[in-house]
Amino acid sequence: MFLYDTESKTKREFQPSNPENVTMYVCGPTVYSYAHIGNARPAVVFDILARVLRTQFKGVTYARNITDIDDNINAAAAKAGVGIDVISERFTQAYHADLEALGVLPTDVEPKVTDHIDEIHQMIESLIVQGYAYAAKGHVLFSVESYKDYGALSKRDPEELLAGARVDVAAYKRSAGDFVLWKPSGEDQPGWDSPWGRGRPGWHIECSAMSAKHLGETIDIHGGGHDLVFPHHENERAQSACAHGVQYVRFWLHNGFVNVNHEKMSKSIGNVLLVKDLLKQARGEAIRYVLMAAHYRAPLDWSDDVLQQAESSLDRLYGALRQLGNVEIKRTTDAERDALIPAGFKNAMLDDLNTPMALAELFSLSKQANTATDIEHKRSLKASMLACGSWLGILQQDPEHWFQGVTHANDVDASKIEQMIESRNTAKASKDWSVADRIRGELTAMGVVLEDSAQGTKWKLDR
RNA sequence: GGCUGGAUGGCAGAGUGGUUAUGCAGCGGCCUGCAAAGCCGUGUACACCGGUUCGACUCCGGUUCCAGCCUCCA
């Protein structure tokens, strides 16, 4: 498979350094508030990548961290008058609930920073001993000048970077670009004892320490949002490469931003879209669909209609599956299921995760399914659609549930609907169209849409 | 100012040096008691100006506009 690597700025063929096991680390959330759609995008993108990797390689270890010590968390805890663990626990649970609604599978490892203070200490110590870091006034800083390759990931010239620093440079820094590995905590702030005094870790060191512990010193894939390229990933790269003396990451992957109505989503503009709120407008699968309808590296523009369009698109796919409801397919092993993936779909997915093109292939399958007459052909099309869906993390629910499942907005009584349909069908049988249409009108008013066919009458909720 | 990446039909969004992306919405038709679903058909789309080429939306140069990063940020 081919993946675009930010560092080399090219699409390269991906092979894990250990063919037995792919290692992937993705920057997870800082848990001080609810997840917004911009947090959801990398979660979904790398969930799809993990699903695909698992079909292509023997083993995959996927880690996504939880940052549970951070000044934003401290502020939220202080404001609420509770400990930081209360805040981080609350929003970790909320994050998990949101991701589950989006069909994101749990990762293999989900390290938390506060469980890795020892590893962080050891890594900082190693950097100091090797001359890459220095202690100053209760801080420990990474010396950017000590690492000649600094800036290679984000394509920044360290000289210009330092000259262009637009914030006041703290007096204890040897160089303006130096960044904090460890910083002192006041009496009222959370902190841990350390050789450099009581304090807490800087922002970047956590990912370096945790990825090394759980995935090894060199990892195959490191992912995150595009805004993390600098400074977060540049700094992580510097720390890890210097501490371990080996290449840190073989493929750097970054997803594009979600804009809202062509504007950056930000608190100051007040257009932050929380996943939990979007879930009131549409089902999680539709939100997931929107996130895969654009290529993962491209910016994605969120607007009022995208969710409705996604629901309609999924209606088409589930409609094809519903129509094949009685078509039995064999239970398949993983290997058999991969053989059901059409070449066009597979090639698109293995070419840097081209999900829009893969979806086009899926729509082509649905069209074939809608026109197929041969039962064996139908079987194979249904199996293929479901297999493709499993790569993308969609189409895995019962079509009837997709069309009839209750949402916040609809509270319907399925048995009552079935009764009304039966009455209408009795009227239809005696060609009493006025009664039949009156009943259908009542159902329409309830938000129920009917579909008559030779196989009987089906219904769905009008979303 | 420096560094990235964009600009495709009403909307979303791929891709390619010469052939229909795809989906949503619209329009016409088939089917249907009527609908719905499905099927068939349908739309001067590729920011602007030059250049290369037999031929460019696709390559090169420039212009305009948009977004991101430049130590809070998915």
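By convention in this document, chain letters (A, B, ...) are assigned in the order of the sequence lines, proteins followed by strands, and residues within each chain are numbered from 1. Please read these numbers as outputs of a predicted model, since none were measured by experiment.
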Under a 3.5 Å cut-off for both distances, is [N] Watson-Crick or wobble paired, and to whom?
N	answer
B/C31	none
B/C3	B/G68
B/U63	B/A47
B/U22	B/A12

Taking the side chain of [X] as its heavy atoms from C-beta onward, which of [options] lies nearest to it?
X	options	result
A/Ser313	B/C34, B/C24, B/C11	B/C24
A/His226	B/A12, B/G33, B/G68	B/G68
A/Asn39	B/A21, B/A74, B/C69	B/A74
A/Lys460	B/C69, B/A12, B/A37	B/A37
A/Val306	B/A21, B/G23, B/A12	B/A12
A/Lys428	B/G33, B/C11, B/A12	B/G33
A/Trp433	B/A14, B/U71, B/G33	B/G33

Can you tell me how far [atom1] in [N] sits from the matching atom in [M], rounded to whole Å?
N	M	atom1	result
B/A14	B/A21	C1'	6 Å
B/C11	B/U71	C1'	38 Å
B/C48	B/C57	P	10 Å
B/A45	B/G9	C1'	4 Å
B/C66	B/U8	C1'	15 Å
B/A56	B/C60	P	16 Å
B/C3	B/G62	P	13 Å
B/C46	B/G41	P	24 Å

Open item on the list: Assess whether a salt bridge exists between A/Asp5 and A/Arg12, defined as any Lys/Arg side-chain N lying under 4.0 Å from an Asp/Glu carboxylate O.
Closed with: yes
Task: Residues A/Arg322 and A/Glu400 bridged, charged N to O under 4.0 Å - done: yes
Task: Donor-acceptor side-chain pairing of A/His116 and A/His214 below 3.5 angstrom - done: yes
Which is true for [X] with a 4.0 Å heavy-atom rule: it touches a base, it touches only sugar-phosphate, or it touches nothing?
X	answer
A/Asn235	nothing
A/Ala310	nothing
A/Leu450	base
A/Asp437	base
A/Phe257	base
A/Gly224	sugar-phosphate
A/Gly38	base
A/Arg64	nothing
A/Val449	sugar-phosphate
A/Val290	nothing
A/Ile37	nothing
A/Asp315	nothing

Is the [X]-[Y] ring centre distance short of 6.0 angstrom?
X	Y	result
A/Phe91	A/Tyr32	no
A/Phe179	A/His204	yes
A/His222	A/Phe251	no

Can you tell me how far [atom2] of [N] sits from [atom1] of [X], to the nearest Å?
X	N	atom1	atom2	result
A/Leu291	B/A12	CG	P	16 Å
A/Asp304	B/C24	CG	P	20 Å
A/His295	B/G13	NE2	P	13 Å
A/Tyr289	B/C24	OH	P	8 Å

TODO: Let me know, please, whether A/Asn72 or A/Asn354 comes out on the 5' side of the other along RNA chain B by nearest nucleotide.
DONE: A/Asn354
Open item on the list: Go nucleotide by nucleotide along RNA chain B from the 5' end; which of A/Ala436 and A/Arg297 gets its closest nucleotide reached first?
Closed with: A/Arg297
Look at the side-chain N and O atoms of [X] and state whether any lies under 4.0 Å from the OP1 or OP2 oxygen of [N].
X	N	result
A/Trp459	B/A37	no
A/Lys367	B/C40	yes
A/Arg316	B/C24	yes
A/Lys9	B/G5	yes

Task: Donor-acceptor contact present, side-chain A/Arg200 to main-chain A/Trp182, <3.5 Å - done: no
TODO: Start with the C-alpha gap between A/His254 and A/His233, add the side-chain angles, then the distance that decides, and say whether ring pair (Phe, Tyr, Trp, His ring centres under 6.0 Å) holds.
DONE: CA-CA 10 Å; A/His254 294 99; A/His233 289 162; 5.0 Å; yes
Task: Polar side-chain contact A/Asp452-B/C34 base: donor and acceptor under 3.5 Å - done: yes
Open item on the list: For B/A74, does the base pair up with any side-chain atom of A/Arg41 as donor and acceptor (N or O, under 3.5 Å, distance only)?
Closed with: no
Open item on the list: Restricting to side chain to side chain donor-acceptor pair (under 3.5 Å), what partner residues turn up for A/Asp108, sequence neighbours left out?
Closed with: A/Arg54
